Each structure stands twice: as C-alpha cells, then as structure tokens.
Amino acid sequence: MRIIKDLEEMQMYSFKTRCRGKTIGFVPTMGCLHEGHLSLVEAAKKKADVVVVSIFVNPIQFGPSEDYKEYPRPLATDKGLLEHFDIDVLFLPEANKITPDNFSSYIEVDKLSKKMCGRARPAYFRGVTTIVAKFFNIVCPDFTFFGEKDYQQQIIIKKMVKDLGFAIKIITLPTVREFDGLAMSSRNQYLSVKEREQAIILYKALCLARQEIESGEKNDHKILLRVRSLIGSVPNIRLDYVVFADPETLDEVKTLRGKILVALAAYIGKARLIDNLIVNAK
Ligand code: AMP
C-alpha cells in the first residue's frame, strides 16, 4: 500500500494508472474505519483495477460548534486495516493543502442540501460537495463508493456528478449495522455504555415505521407520532428530525405509496447520529 500525501503526486499516479488502461475505484472517508467503510473498500476491490482510499477529516463540512477537533483520528489502526485489505493507495492529504487559508471556491447543490440534515447543519453539504469535487479532480476515479447510511449525501453527490458532468460512476452500498441494528458510525465512539444501549431506539423507531407503512397504514401523522413517542420514551435522546420522503427528490411525502425513505437524525450525549431505511408502502 502506497501512502500519498502530495496532491500532484496523487494526480500523477492516477494519470499514469489511467494511461495504462486501468480503472480506479475511490473510497473517500474521514477515517476511524469500521466495517461500513470496509464494505465500500471490498466493493471497490471487486469493481476496479486499482483502489484508492482517502482519509481526510474535512474542516469545511463542520459547523463552528461541531466536533471537528474531537473527531476520532486513529491513523495507525486505520492504516493497518487498509494494509490488510491490500488496497493500492491511501491518499492522506493535509488540511492546509486541501483548504489553504485563501481557499474561496465552493460547490453547492441547491435545494437538496437544504433539506433534512441541511436544516440543522446549513454549511455541511456545501463543505462535502466542494471537497468531494476537489478529490474527484485529484484522484480522477472511474468509480466512487458511498454508503446508504449517509443517504442524503449520496443523493446530493449523484446530483452534483450529473449536473456538472463528472465522468464518474457513483456506487451506493447498504448500511452495515452492529449486531443489534445500530448503524455503524465513527461517532458511535462518543457514546457512553448507557448511551450506546439507548441508541438502539433509533433503529427500532425506523423498524416501527417500516412495519406500519408496509402493513398498509396510510396515516403518516399517526406513524410519525408513534415513532416520536418511542424515541421520546428514552431519556437523553433529542430527536432532530424524522421524515418520510421521496428517495430521489428527498421531498417530504404525505401519501404513503411506493418506495419511501424513512430518515432520522438525533442527538445522544455528544453524538449526532443519523439513520434511514427504504420501505415499500402498499
Ligand atoms: P465517513 O468516514 O463517515 O465520512 O464515511 C465514509 C463513507 O463510508 C461514506 O460514504 C459513508 O456513507 C460510508 N459509511 C459510513 N458508515 C457506514 C455504514 N454503517 N455502512 C455503510 N457505509 C457507511
């Protein structure tokens, strides 16, 4: 596994790889790797000739009161995991090279970025799309891999790729969960033992919504009320949002028909956790 920190070196590596007729699969991450990330790495290995994984805690996607400084950065462990997976390149740029002091160009996917997580985190998706686009220009991948766990993120990136004509195929993979259903997340590390036990209510709430929707309940208010009261029954959890939305447009739906995205975000202790399920209404 080659470690590349320099932006031009990464670009040159990709250029030479593509000149040799090889495809590049790219997995962007913020590190603190878990099985969710590794499922993307595995898929990239199956799909592409050469696999590049980046670890970069993106400063411009964090709000001023968010956890940029505390975000876990267990680099030695991450390197070990990636070596085990025998990837080709770990791209490890420094923040001051990606967003130097005079950095002033941004990409924003209008509308989609303002919904759901965009309400509580107004600059979040602009930070994500700007840096993902920059990485696309540096890594020049044929395929890029994202997790359904960050559902809104992958929809927004697909829209950016389409609108701006990036010649990249976005591949989305299912959410990997802990034994009890909690979606794996680097932020689960913030949870105390008690909070970790309580966090399972989020998945249970999604399952409750799925069960009601799939069994034919049409009253969205009634289901949302049950979901909110289930989550509300656990102390220390503050629900940010729960929505029923169109899986493509992310517009909230009132009529429960066809495929529906059930998505939520909640604060537990220091952690803000998100999760979602796609359900089939009758
Ligand atoms: P992050 O390091 O949190 O920025 O995530 C990097 C990539 O891993 C994103 O595409 C995420 O959607 C994906 N990811 C994170 N957690 C999971 C999970 N539990 N299952 C599948 N993919 C995940």
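Atoms within a ligand are numbered from 1 in the order they appear, just like the ligands themselves. This is a predicted model, so every value here is computed, not measured. Just so it is clear, the values below take in all heavy atoms, side chains as well, and ignore hydrogens, waters and symmetry mates.
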Give the numbers and elements of all ligand 1 atoms closer than 4.0 Å to a heavy atom of [X].
X      : answer
Met184 : 16 (N), 17 (C), 18 (C), 19 (N)
Met30  : 1 (P), 2 (O), 4 (O)
Thr29  : 2 (O), 6 (C)
Gly36  : 17 (C), 18 (C), 20 (N), 21 (C), 22 (N)
Pro174 : 20 (N), 21 (C)

Practice item. Step through it carefully: locate the ring centre of Tyr124, locate the ring centre of Phe62, and say whether they are under 6.0 Å apart. Key: no

Exercise for review: Please confirm whether Phe91 and Phe26 have ring centers closer than 6.0 angstrom.
Suggested key: no

**Study point:** Cation-pi, Tyr68 ring and Arg73 (6.0 angstrom, 45 degrees)
**Key:** yes

Record the part of [X] in heavy-atom contact with ligand 1 below 4.0 Å; permitted values are side chain, backbone, both and neither.
X      : answer
His34  : side chain
Leu40  : side chain
Pro28  : backbone
Lys149 : side chain

When you measure from [atom] to every protein heavy atom, which one gives the shortest distance, and what is it?
atom                    : value
atom 10 (O) of ligand 1 : Gly147 N, 3.0 Å
atom 20 (N) of ligand 1 : Val176 N, 2.8 Å
atom 14 (N) of ligand 1 : Asp150 OD1, 4.1 Å

**Study point:** Closest non-hydrogen atom pair, Lys134 against Phe103
**Key:** NZ-CE1, 4.0 Å

Review point. Is there a side-chain contact between Lys114 and Glu108 (heavy atoms, below 4.5 Å)?
Key: yes

Revision key, fill the gap. Sorted by chain and residue number, the side-chain hydrogen bond (donor to acceptor under 3.5 Å, both in side chains) partners of Arg2 (sequence neighbours excluded) come out as Glu9

Study note, to complete from the structure: To the nearest 0.5 Å, atom CG of Asp180 lies from atom CD of Glu197 at 9.5 Å

**Study point:** Test side-chain contact (heavy atoms from CB on, under 4.5 Å) applied to Lys79 and Leu92, Ile55, Leu33, the passing residue
**Key:** Leu92

Exercise for review: Would you indicate which of Glu35, Arg177, Gln153, His37 comes nearest to atom 8 (O) of ligand 1 when only heavy atoms are counted?
Suggested key: His37

Check your understanding: Among the heavy atoms of Leu173, does any lie under 4.0 Å from an atom of ligand 1?
Key -> no

Point to revise | Geometric N/O contact Ser39 with ligand 1, under 3.5 angstrom | key: no

Review point. Any nitrogen or oxygen of Ala183, main chain or side chain, under 3.5 Å from a nitrogen or oxygen of ligand 1?
Key: no

Review point. Should the pair Arg226-Glu212 be classified as a salt bridge under the 4.0 Å nitrogen-to-oxygen rule?
Key: yes

**Study point:** Residue among Arg121, Arg272, Arg119 satisfying side-chain hydrogen bond (donor to acceptor under 3.5 Å, both in side chains) with Asp240
**Key:** Arg272

